[in-house]
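Every number for a ligand or one of its atoms is a count from 1 in the order of the listing. The model shown is predicted, which means the values in this text are computed figures rather than measured ones.
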Amino acid sequence: MAKILAVHAHPDDVEHLCAGTLAVLARGGHEIVIATMTAGECGSDSTDLAATAAIRRGEAARAAALIGARYACADIPDLGVFNDDRCRRAAVELVRAAGAEIVLTASPADYHPDHEATSQLVRDACFAASVPNYATGAAAPLAAIPHLYFVDPIGGRDREGVPVVPEFGCEVSDAMETKRRMLGEHASQAAWVARQHGIADHLASMETWTRRRGADFGVAAAEGFRQYRHQPYPKTPRLQELLGAALLTAKG
Ligand SMILES: [Zn+2]
């Protein structure tokens with residue numbers, strides 16, 4: 001069994017982009033932690049910062065619990081995620097506390113500054129997590145650098161609208177109901193996403209996206225991934241092997 005950490009910027013990002021894959025992995029008996037760099041406290045126009053953070057932490061914890069996962073938050077301010085010392089130490093603490101062997105994180109190119117910063121921070125946190133002299137908090141340094149994977153950006157495109165092509169996919173056709181229920185826990189975001197993003201139905205938007213990625217692979221629903229293999233990160237296909245029959249390699 002593997003220890004898997006999925007860490008993104010805000011509550012509901014993981015649910016949009018890789019919750020189906022986490023459901024598949026949870027079914028396989030793997031230990032999963034869902035984490036966010038922020039509590040997403042700017043994601044409301046009807047409740048204040050503290051109330052919004054509390055609401056969204058509760059939503060994220062309930063979504064994680066649906067697949068038997070734990071939820072953790074690094075408590076960095078929303079729209080305040082930067083590639084700096086504080087945020088890097090917080091990201092490393094998340095990776096260490098999860099005892100992560102496999103890490104899924106944000107795409108290096110995405111629509112939101114917190115997403116792009118989270119991607120850089122978690123990439124570098126995977127390296128730093130096994131450095132004993134790098135102090136973070138209570139969690140012990142890891143024995144090794146985890147296998148690192150980037151999820152799709154929102155909408156599958158970078159800021160210039162150029163498609164971001166996944167290296168492989170996970171078929172989530174039979175995990176869609178779980179994915180829908182996980183995102184459905186983020187009830188506070190329905191009105192916010194409609195106001196800020198002009199998306200009337202965030203559940204339908206997620207479903208449309210997941211089915212579009214599925215069509216790229218010739219299946220009903222999928223989520224895409226790219227493995228980060230730069231020296232000295234592990235290059236073996238650990239996640240791909242865990243996905244088993246759900247692994248989609250030929251983009252067609
Ligand atoms: Zn986000």
**Q** Closer than 2.8 Å to the Zn ion (ligand 1), do we get an N, O or S atom from H8, backbone or side chain?
**A** no
**Q** Should R180 and L203 count as side-chain neighbours, where that means a heavy-atom distance under 4.5 Å?
**A** yes
**Q** Let's go through T105 and H8 carefully: what are the C-alpha distance in whole Å and the side-chain angles of both, what is the deciding distance for side chain to side chain donor-acceptor pair (under 3.5 Å) to 0.1 Å, and is it a yes or a no?
**A** CA-CA 6 Å; T105 196; H8 216 295; over 6 Å; no
**Q** Compare all side-chain heavy atoms of P141 with those of R96 and state whether any distance is below 4.5 angstrom.
**A** yes
**Q** Can you tell if the side chain of L243 reaches within under 4.5 Å of the side chain of E171, non-hydrogen atoms only?
**A** no
**Q** If you check every N/O/S atom of H115, which is the one nearest the Zn ion (ligand 1)?
**A** NE2
**Q** If I consider every N, O or S atom in H10, which one ends up closest to the Zn ion (ligand 1)? I only need its name.
**A** ND1
**Q** Specify whether an N/O/S atom of D13 falls short of 2.8 Å from the Zn ion (ligand 1).
**A** yes
